[in-house]
J.: 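Let me give you the structure first, and then I'll get to my questions.
What you see below is based on every heavy atom in this structure, not just the backbone, and it leaves out hydrogens, waters and symmetry mates.
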Protein chains: 2
Amino acid sequence: MTVSKSAEKSAEATKGRKDATDGPPEALQLGELSEQLGYVLKRAQLKVFENFLRCMASLQLTPAQFSVLLLVEKNPGRNQTEIASTLGILRPNFVAMLDNLESRDLCARIRSTNDRRSHILVLTDKGKAVLTRAKKLVATKHESRLNELLGSANRAALIEMLSKIANEF
Amino acid sequence: MTVSKSAEKSAEATKGRKDATDGPPEALQLGELSEQLGYVLKRAQLKVFENFLRCMASLQLTPAQFSVLLLVEKNPGRNQTEIASTLGILRPNFVAMLDNLESRDLCARIRSTNDRRSHILVLTDKGKAVLTRAKKLVATKHESRLNELLGSANRAALIEMLSKIANEF
DNA sequence: CGATATTTGATATGGTCCATAACAATTATC
DNA sequence: GATAATTGTTATGGACCATATCAAATATCG
């Protein structure tokens, strides 16, 4: 609990803050924080997810669920372990996720005839229809904002740089 | 549990996958996923945080703790509510965080003489020293990798685009 | 002034996501 | 054919996030 003298001085210097000048609430200085990669990356990610959820409110799809549907559509006939691992989801945590998608009739587990341990994942007809609508919503309401904000060229550059970080950092 | 006919067909078509060609394990196709802003953002963020934690292992500082120390240093004499809210941390969740930093003698709460409700936050001498070392580690081991990976100009452009997203999306 | 409302830090609590251990059924290996 | 490895699953605990609530202190306003 040792407080330095300079710390005490700072506290005293603060005594007069509120009374000194009664201007605006004095926003804090971010300082070096605004140059920290992790900080700005996290904040951007939160904003993007938040916007994604708003755009998908009518379909009730989270970013993670959307990624599962996309991956299953692109790779039909793969089992849970394969889909989960390429998404960075641990197998135990993938179970409840699939239970959810399956209960909504978007996705189905099918016992493989090759290996009766594994469950083959497939989109249902409803799942395909929902995914089609989801893609349109994402394209028109979500990803389009990136172009408005950054421009098409910058948007492509951003995605490429993020991919590079995700793969090579 | 209605499985479409095409879904069943996909399942059957899969029966022969493993036996068809015994080449490599056949990596999955990411498809449109690699163009999804949210997906690549999240993955990049995870990698960056992971690397940050490795770089800071000797100081045992998480990204969130580092951001708190940075903000308190830049804005001495502010109270918990101010520091927490500008970091997007809810006041209840900020209490345990400060308990941790204070127990390690990195940060101190001081009763304000103006408003005896609020706690003024200040870095201790040890906190300042640790933060100085942390900044050096981040600069040399963490942020430097960005320059290696993207180049200085692209790095600056990336940070700026992410800030724009964080603030205007 | 004094009653009421607001603010601050704190506690309790619940939800979601993430990680590990363990298990039964099935398959691979030797 | 005995042993090892894999698949989906359950149970469980930790980290993070959000809401409601509280006591103490302060602000507001009649």
J.: Distance check: side-chain N/O of B:Lys42 vs OP1/OP2 of C:dC18, anything under 4.0 Å?
T.: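 Affirmative; the distance criterion is met.
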J.: Taking the six-membered ring for Trp, is the centroid-to-centroid distance between B:Phe49 and B:His142 below 6.0 Å?
T.: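 No.
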J.: Round to the nearest Å and state the distance from B:Arg109 atom CZ to C:dG9 atom P.
T.: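 Computing the B:Arg109:CZ to C:dG9:P distance gives 9 Å.
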J.: What is the distance, to the nearest angstrom, from the CD atom on B:Gln45 to the P atom on D:dC16?
T.: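 Rounded to the whole Å, the gap is 12 Å.
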J.: Considering heavy-atom distances to DNA chain C, does A:Leu90 or A:Arg116 have its closest nucleotide positioned more toward the 5' end?
T.: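 First, find each residue's nearest nucleotide; the 5'-ward one identifies A:Leu90.
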J.: Between B:Thr124 and B:Asp105 (side chain of the first, backbone of the second, donor and acceptor by atom type, cut-off under 3.5 Å), is there such a pair?
T.: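 Indeed, once roles are kept as given, a pair shorter than 3.5 Å links the two residues.
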J.: Where the side chain of B:Asp115 is defined as all heavy atoms beyond and including C-beta, which of C:dA10, D:dT26, D:dT10 is the nearest nucleotide?
T.: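 The closest nucleotide is D:dT26.
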J.: Mind checking whether B:Phe52 and B:Phe66 have ring centres under 6.0 Å apart?
T.: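 Between B:Phe52 and B:Phe66, the centre distance is under 6.0 Å.
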J.: Nearest nucleotide by nearest heavy atom, which residue falls closer to the 5' end of DNA chain D, A:Asn93 or A:His119?
T.: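 Nearest-nucleotide comparison on DNA chain D picks A:His119.
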J.: To the nearest angstrom, how far is B:Ile110 atom CD1 from C:dT8 atom P?
T.: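 Result: 18 Å.
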J.: Taking atom P of D:dT6 as reference, at what distance in whole Å does atom CG of A:Asn79 sit?
T.: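 It works out to 13 Å between those atoms.
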J.: Which nucleotide, C:dT7, C:dG9, D:dA5, lies nearest any side-chain atom of A:Arg117?
T.: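 Closest nucleotide to the A:Arg117 side chain: D:dA5.
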J.: To the nearest 0.5 Å, tell me how far B:Ile165 CD1 sits from A:Gln45 CD.
T.: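 Between B:Ile165 CD1 and A:Gln45 CD, I get 11.5 Å after rounding to 0.5 Å.
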J.: B:Asn100 CG to D:dA15 P: how many Å, rounded?
T.: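 Going from B:Asn100 (CG) to D:dA15 (P), I get 10 Å.
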J.: To the nearest 0.5 angstrom, please state how far the CG atom of A:Leu158 sits from the CG atom of B:Asn154.
T.: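 The CG atom of A:Leu158 sits 11.0 Å away from the CG atom of B:Asn154.
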J.: Quick one: on DNA chain C, does B:Ser118 or B:Pro92 contact a more 5' nucleotide (nearest heavy atom)?
T.: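 Between the two, 5'-proximity favours B:Ser118.
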J.: What integer distance in Å separates A:Glu82:CD from D:dT6:P?
T.: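 After rounding, the reported distance stands at 13 Å.
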J.: Rounded off to whole Å, could you give me the CD1-to-C1' distance for the A:Ile120 and D:dT6 pair?
T.: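 Nearest whole value for this atom pair: 14 Å.
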J.: So, OP1 or OP2 of D:dG8: does either fall under 4.0 Å of a side-chain N or O from A:Thr81?
T.: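 Yes, A:Thr81 has a side-chain N/O under 4.0 Å of OP1/OP2 on D:dG8.
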J.: So which one's nearest nucleotide on DNA chain D is more toward 5', A:Asp99 or A:Leu46?
T.: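 The residue closer to the strand's 5' end, by nearest nucleotide, is A:Asp99.
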J.: What is the separation between atom CZ on B:Phe94 and atom P on C:dT8, rounded to the nearest whole Å?
T.: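 In whole Å, C:dT8 P and B:Phe94 CZ are 14 Å from each other.
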